[in-house]
**Student:** 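Pasting in a structure now, in structure tokens, and then I'll have a few things to ask.
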Protein chains: 2
Amino acid sequence: MTAAKLLLVEDDPSLAELLEFRFEKEGYDVRVTADGDDALVMAMEDVPDLVILDWMIEGTSGIEVCRRLRRDQNTAHVPIIMLTARENEDDRVRGLETGADDYITKPFSPRELLARVSAVLRRIRPALAGESIQVGDIVLDPVAHKVERRGRRLQMGPTEYRLLKFLMESPGRVFSRNQLLDGVWGTGSDIELRTVDVHIRRLRKAVEVDGAKDPVRTVRSAGYAIEAV
Amino acid sequence: MTAAKLLLVEDDPSLAELLEFRFEKEGYDVRVTADGDDALVMAMEDVPDLVILDWMIEGTSGIEVCRRLRRDQNTAHVPIIMLTARENEDDRVRGLETGADDYITKPFSPRELLARVSAVLRRIRPALAGESIQVGDIVLDPVAHKVERRGRRLQMGPTEYRLLKFLMESPGRVFSRNQLLDGVWGTGSDIELRTVDVHIRRLRKAVEVDGAKDPVRTVRSAGYAIEAV
DNA sequence: TAGGACATGACACTTTCATGACAAGGGCTA
DNA sequence: TAGCCCTTGTCATGAAAGTGTCATGTCCTA
């Protein structure tokens, strides 16, 4: 299981350091910045699994960062937890309405933030929390690195496994070839776009079980998705 | 678009009634019970999209309900928001660790709870949280790249899809052929004006469902619009 | 009723995708 | 270390689906 990538946007150095320490201790892969614009750049370059965003930061404001993350295709679905010192309900609601998934009011204990991060990740990316994912009749166990369909064990290469896992984390959602390259092969991989097709085909072949239908949907001129069949 | 089904487990009658009223006003399909065991039965019988669970209820305790929901295959993935009167951090953390997706501390405003429900649903089923576009009986889910009408899945080419999406983003508004070329084909496309007519026709054919009326309105010497029928 | 505007079917042309083949690389074993 | 097997990225090819244009028919309106 690869570590979950967190992006922490916090301009109080001591708090940032404390949180970074705690999260790394929990096995997360943490990057930190104090600046909103930096945060956006970092998020675009390497899409994190979750963003922890202080409402009051230098440069671009927290809510603006949130809005922009939501606007970009690649980061639109990254969960965001906002840190806010405000008691004001309007701000909390506005944060949630802007697209934040959760907020936590300062002062908070690191432990509670950890619990929230874990809860959000579990909801969004069960595989990161070590839980198995199920889509239709396909079950993927990230801990055992096993895939089963209708009780039968499936055999596939490492790339097909990662591709399947990536797709299963967002069932039904269509990913472009570029998104798949970023998500499965890693940002900045220098791979031919069409190579994705080939791996999709290998994946299709790997999940073939007697009379079961193909769970991989091709969306012409858009990409691929996996769905319950 | 079918309404999101909520299950509200709350034993304070006045609060339950208030919430039920607010949620139904927002278009949710709400069922209410005051009892933990009832809640489990109801959840098994008709799996809700989200559970709002009071921590302190009669019968089986909230946390126990949470645990059991998580244990059953059918309800394991249903998001849970816990309502708690306790300030105690341990309880909050324990709730999250047990599998609740979120909690909210009493007293809270219905508005905030609504925002949280919406935020959680947005994650789980984008189509339920208003991320899909709906015009009349046509529902377009941009994330899954799917279009449905009266529950039936529609099939169309990429251009028709983009055209439909563009029109549905401004229901009722009339677009000239030039505007459509700019918006759907991209500015600077060197396409014959009349080609729009052809794609409109293909779109019309694609959204044909048994006896449903044509949602595409032709405005003579002006352009086209889509409207609820 | 004439003239313009729109609808429709046909068709040739493009784009996009599925598939099989293949060579390069890596790791493991004998 | 040579040989073998598995994985991987790329390419060529054929099939399928989608696209733009035109000619013709139909409708509407002044």
Side-chain angles (χ1 to χ4, degrees), chain A residues 145-147 153-167 174-208 212-227 229, chain B residues 145-147 153-167 174-208 212-227 229:
Chain A
H145 233 262
K146 270 190 199 166
V147 185
R153 173 78 184 281
L154 301 183
Q155 202 59 49
M156 65 187 73
T159 307
E160 281 69 55
Y161 173 82
R162 269 181 292 134
L163 177 57
L164 178 62
K165 184 169 139 201
F166 186 81
L167 289 172
V174 175
F175 292 95
S176 71
R177 292 182 175 72
N178 272 313
Q179 288 176 317
L180 290 173
L181 282 183
D182 280 357
V184 178
W185 278 260
T187 313
S189 65
D190 189 24
I191 304 284
E192 195 63 33
L193 262 190
R194 285 290 159 198
T195 299
V196 174
D197 298 31
V198 179
H199 282 278
I200 286 285
R201 172 177 151 269
R202 287 171 182 156
L203 175 58
R204 278 185 166 134
K205 186 163 267 179
V207 298
E208 242 172 29
K213 261 183 65 185
D214 179 13
V216 182
R217 180 163 67 104
T218 302
V219 181
R220 209 178 163 81
S221 76
Y224 297 96
I226 199 163
E227 3 187 78
V229 285
Chain B
H145 247 266
K146 271 187 187 170
V147 186
R153 174 77 181 282
L154 301 184
Q155 203 60 50
M156 66 188 73
T159 307
E160 282 69 57
Y161 174 83
R162 270 180 291 132
L163 177 58
L164 177 62
K165 186 172 162 210
F166 185 80
L167 289 173
V174 178
F175 292 95
S176 72
R177 292 180 175 71
N178 272 313
Q179 288 177 315
L180 291 173
L181 281 182
D182 280 358
V184 177
W185 278 260
T187 315
S189 65
D190 189 24
I191 304 282
E192 196 62 34
L193 262 190
R194 284 292 158 198
T195 299
V196 174
D197 297 31
V198 178
H199 283 279
I200 286 285
R201 173 180 150 266
R202 287 172 182 156
L203 175 57
R204 279 184 166 136
K205 183 163 268 177
V207 298
E208 243 172 30
K213 261 185 65 187
D214 179 12
V216 181
R217 180 163 63 103
T218 302
V219 181
R220 203 180 164 80
S221 72
Y224 298 96
I226 199 163
E227 14 187 66
V229 285

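Throughout, protein chains are lettered first and strands after them, A, B, ... in sequence-line order, and every chain is numbered starting at 1. Given the structure is predicted, the values throughout are model-derived calculations rather than measurements.
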**Student:** Taking only residues two or more places apart in sequence or in another chain, which ones pass salt bridge (charged side-chain N to carboxylate O under 4.0 Å, His left out) with B/E227?
**Tutor:** B/R217

**Student:** Can you check the A/I200 CD1 to D/dG9 C1' distance for me, whole Å?
**Tutor:** 15 Å

**Student:** Roughly how far apart are A/F166 CZ and A/I226 CD1, rounded to 0.5 Å?
**Tutor:** 12.5 Å

**Student:** CD1 of A/I200 to CG of A/L164: how many Å apart, nearest 0.5 Å?
**Tutor:** 9.5 Å

**Student:** Rounded off to whole Å, could you give me the CD-to-C1' distance for the B/Q155 and D/dA16 pair?
**Tutor:** 13 Å

**Student:** Quick one: closest heavy-atom pair of B/V216 and B/R204, and the distance?
**Tutor:** O-NH2, 3.1 Å

**Student:** Suppose the criterion is side chain to side chain donor-acceptor pair (under 3.5 Å): which pairs have a residue in residues 193-202 of chain A, not counting sequence neighbours?
**Tutor:** A/E160-A/H199, A/R177-A/D197, A/R194-A/D197

**Student:** Measure the OH-OG1 distance between A/Y224 and A/T218 for me, rounded to the nearest 0.5 Å.
**Tutor:** 5.0 Å

**Student:** Is A/L167 close to A/L180 at the side-chain level, that is, under 4.5 Å between some pair of heavy atoms?
**Tutor:** yes

**Student:** Tell me what A/Y224 touches on the nucleic acid: a base, only sugar-phosphate, or nothing, going by heavy atoms under 4.0 Å.
**Tutor:** sugar-phosphate

**Student:** Would you compute the distance between atom OG of A/S176 and atom NE2 of B/H145 and round it to the nearest 0.5 angstrom?
**Tutor:** 9.5 Å

**Student:** Of the non-hydrogen atoms in B/P158 and A/R220, which two are nearest, and what is the gap between them?
**Tutor:** CG-O, 3.8 Å

**Student:** Quick one: what's the B/S/- string for nucleotides 20-27 of chain D, heavy-atom cutoff under 4.0 Å, read 5' to 3'?
**Tutor:** BBB-----

**Student:** Whole angstrom is fine here: how far is it from CG in A/D197 over to P in D/dT8?
**Tutor:** 16 Å

**Student:** Going by atom type alone, with no hydrogens or angles, which donor-acceptor pairs under 3.5 Å involve a side-chain atom of residues 181-189 of chain A and a protein atom two or more places apart or on another chain?
**Tutor:**
from: A/S189; atom 1: OG; to: A/G186; atom 2: O; distance (Å): 3.3

**Student:** So how far off straight is the helix from C/dT1-D/dA30 to C/dA30-D/dT1, going by the axes through five pairs at either end, to 10°?
**Tutor:** 20°

**Student:** At the 4.0 Å heavy-atom cut-off to chain B, mark where contacts on DNA chain C begin and end, going 5' to 3'.
**Tutor:** C/dG4 to C/dA10

**Student:** Is there side-chain contact between A/Y161 and A/K165, with at least one heavy-atom pair below 4.5 Å?
**Tutor:** yes

**Student:** Round to the nearest Å and state the distance from B/L203 atom CG to D/dG18 atom P.
**Tutor:** 14 Å

**Student:** Once you round it to whole Å, what is the distance between C1' of D/dT8 and CG of A/L163?
**Tutor:** 13 Å

**Student:** Roughly, in whole Å, what's the span from CZ in A/R201 to C1' in D/dT8?
**Tutor:** 13 Å

